[in-house]
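This report refers to the structure that appears directly beneath it.
Owing to the predicted nature of the structure, the values given are computational and were not obtained by experimental measurement. All values below were derived from every heavy atom in this structure, side-chain atoms included, with hydrogens, water molecules and symmetry-related copies excluded.
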Amino acid sequence: MKYLLDTHLLLWAAAEPERLPKNARGLLDDAANTLLFSAASLWEVAIKTALGRADFRGEPAVLRRGLLDNGYLELPVVSEHAVATSTLPPIHRDPFDRLLVAQAQVEGIVLLTADPVVTRYPGPIRGV
């Protein structure tokens, strides 16, 4: 199965694995699963780190290198993803989460999230 991780799950997997929910840990540790991260997540980390957000501490370049070194695949943001955000219902205001939802829908991959609001979107979304 292919899983796109939301930004918080990526940060936890990279720096604070003890914060990962148990079921998320199981999915990440299963070698049969393909794990992906979005370029949008790295952009989110860069912006929110610069703004001083305590829950988004990290160097985006170091995070990217660590994810790639650990077998994650990078999902670029393309115009089809951006356009797909316009058809999403107004469930969540965070543009980064909306883009991740759109990417999962367009690419037909499952978005893993610990955010219960994001799980309310239609499509391939799994709460952990």
* About how many Å separate CG of Leu99 and OG1 of Thr7, when rounded to the nearest 0.5 Å? -> 9.5 Å
* Is there a path of hydrophobic side-chain contacts, each under 4.5 Å between heavy atoms of I, L, V, M, F, W or Y residues, that connects Leu10 with Leu75? -> no
* Nearest 0.5 Å please: distance from the OG1 atom of Thr113 over to the CG atom of Leu100. => 8.5 Å
* Structure fact -> Heavy atoms of Pro76 and Ala39 approach each other most closely as CA-CB, 4.3 Å
* Asked: Who are the ring-ring contact (aromatic ring centres under 6.0 Å, His included) partners of Tyr72, not counting sequence neighbours?
  -> none
* Any donor-acceptor N/O pair, Glu107 side chain to His81 backbone, under 3.5 Å -> no
* **Linked, directly or transitively: Leu73 and Leu111 (ILVMFWY side chains, under 4.5 Å)** => yes
* Closest non-hydrogen atom pair between Val101 and Val118, with its separation -> CG2-CG1, 3.8 Å
* Structure fact -> Rounded to the nearest 0.5 Å, the CG atom of Leu28 sits from the CG atom of Asn23 at a distance of 10.0 Å
* Asked: Quick one: does Arg19's side chain have a donor or acceptor within less than 3.5 Å of a partner on Trp12's backbone?
  -> no
* Structure fact -> Heavy atoms of Thr119 and Ile125 approach each other most closely as CA-CG2, 3.8 Å
* Taking Arg25 for the side chain and Leu20 for the main chain, is one N or O donor matched with an acceptor at less than 3.5 Å? -> yes
* To do: Flag yes if more than 12 heavy atoms outside Lys2 fall under 6.0 Å of its NZ atom; otherwise flag no.
  => no
* Is there a side-chain contact between Pro95 and Glu44 (heavy atoms, below 4.5 Å)? -> no
* Nearest heavy-atom neighbours spanning Ala104 and Pro124 -> O-CG, 3.6 Å
* Asked: When rounded to the nearest 0.5 angstrom, what distance separates CG in Asn70 from CZ in Arg65?
  -> 10.5 Å
* Structure fact -> One should read off an interatomic distance between Gln103 CD and Leu36 CG, to the nearest 0.5 angstrom, of 9.5 Å
* State plainly whether one hydrophobic cluster holds both Met1 and Ile109, where clusters connect Ile, Leu, Val, Met, Phe, Trp and Tyr through side-chain heavy atoms under 4.5 angstrom apart. => no
* Shortest non-hydrogen separation from Tyr121 to His92 and the atoms involved -> OH-N, 3.0 Å
* Asked: Any chain of hydrophobic side-chain contacts (each under 4.5 Å) joining Leu11 to Leu4?
  -> no
* Leu5 and Leu9: which non-hydrogen atoms are nearest, and at how many Å? -> CD2-CB, 4.1 Å
* For the pair Ile47 and Phe96, evaluate side-chain contact (heavy atoms from CB on, under 4.5 Å) and give the outcome as yes or no after the intermediate values. => CA-CA 11 Å; Ile47 289 172; Phe96 297 105; 3.7 Å; yes
* Asked: Where the side chain of Arg98 meets the backbone of Ser86, is there a donor-acceptor pair that is under 3.5 Å apart?
  -> no
* Asked: When clusters are formed by joining ILVMFWY residues with side-chain heavy atoms under 4.5 Å apart, either directly or through shared neighbours, do Leu88 and Ile91 land in the same one?
  -> yes
* To do: Rounded to the nearest 0.5 Å, what's the gap from CG on Leu63 to CG on Leu68? Could you check?
  => 9.5 Å
